[in-house]
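The structure appears right after this line, and notes come after that.
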Amino acid sequence: MSTAPIDYDGLMQANLAHVFGERDASRRMKAISELYAGDATLFEPPDASATGHAAINKAVDGLLANLPADFVFTAIGPAVGHHGMGRLRWKSGPPNGPAAVTGTDVAQIERGQIKTLHVFLDPPSP
């Protein structure tokens, strides 16, 4: 029995653009319902988590509310993955400006949807 190959880059790039890059909560919720399993969990540092579409939407809304309105999320290269685990490096800051923060998303993917997403923030540069 074979399973369809996972499009790690497509799924994780869509998550970065349409979930974390979407400031309109209703459009973001539509993307979450397409990209995430119904019982998915988002894990954010240092110890926050949100389970389910509505809770994930609320968590991302809170994150975006604390960022300047002009900040965008941009992938640093393509996502890579194997055995149902994917990784995407990203940066956030003003468009075409220096990155204010960088990090990595690590996702467990089941049946073509994100089951868990762990967000890792890089330490600030000295």
Legend entry - Separation of E110 CD from I6 CD1 (nearest 0.5 Å): 9.0 Å
Legend entry - Any donor-acceptor pair under 3.5 Å from R89 side chain to A75 backbone: no
Legend entry - CG-CZ distance between L67 and F20, expressed to the nearest 0.5 angstrom: 11.0 Å
Inset, instruction - Taking only Lys NZ, Arg NE, NH1 and NH2, and the carboxylate oxygens of Asp or Glu, determine whether D105 and R87 approach each other closer than 4.0 Å. - result: no
Legend entry - Steps toward side-chain contact (heavy atoms from CB on, under 4.5 Å) verdict (M85, V106): CA-CA 7 Å; M85 298 297 293; V106 176; 3.9 Å; yes
Legend entry - Flag, side chain of E22 to backbone of A17, donor-acceptor distance under 3.5 Å: no
Inset, instruction - Would you please test F43 and L117 for side-chain contact (heavy atoms from CB on, under 4.5 Å) and show each step? - result: CA-CA 6 Å; F43 295 96; L117 183 73; over 6 Å; no
Inset, instruction - Give the C-alpha distance, both sets of side-chain angles, the deciding distance and a yes or no for side-chain contact (heavy atoms from CB on, under 4.5 Å) between I32 and E34. - result: CA-CA 5 Å; I32 290 169; E34 293 171 1; over 6 Å; no
Inset, instruction - With rounding to the nearest 0.5 Å, note down the distance linking CZ in F73 to OG1 in T102. - result: 11.5 Å
Inset, instruction - Determine yes or no for a side-chain-to-main-chain donor-acceptor pair under 3.5 angstrom, with Y8 supplying the side chain and P78 the backbone. - result: no
Legend entry - Rounded distance (nearest 0.5 Å) linking atom CD1 of I114 with atom CE of M12: 6.5 Å
Under 3.5 Å, side-chain donor or acceptor atoms of residues 91-101 against the rest of the protein: list the pairs with distances, not counting sequence neighbours.
| from | atom 1 | to | atom 2 | distance (Å) |
| --- | --- | --- | --- | --- |
| S92 | OG | V72 | O | 3.2 |

Legend entry - Expected output: side-chain H18 to main-chain R28 donor-acceptor under 3.5 Å: no
Legend entry - Step-by-step side-chain contact (heavy atoms from CB on, under 4.5 Å) determination, D39 to K115: CA-CA 7 Å; D39 61 347; K115 177 72 173 173; 2.6 Å; yes
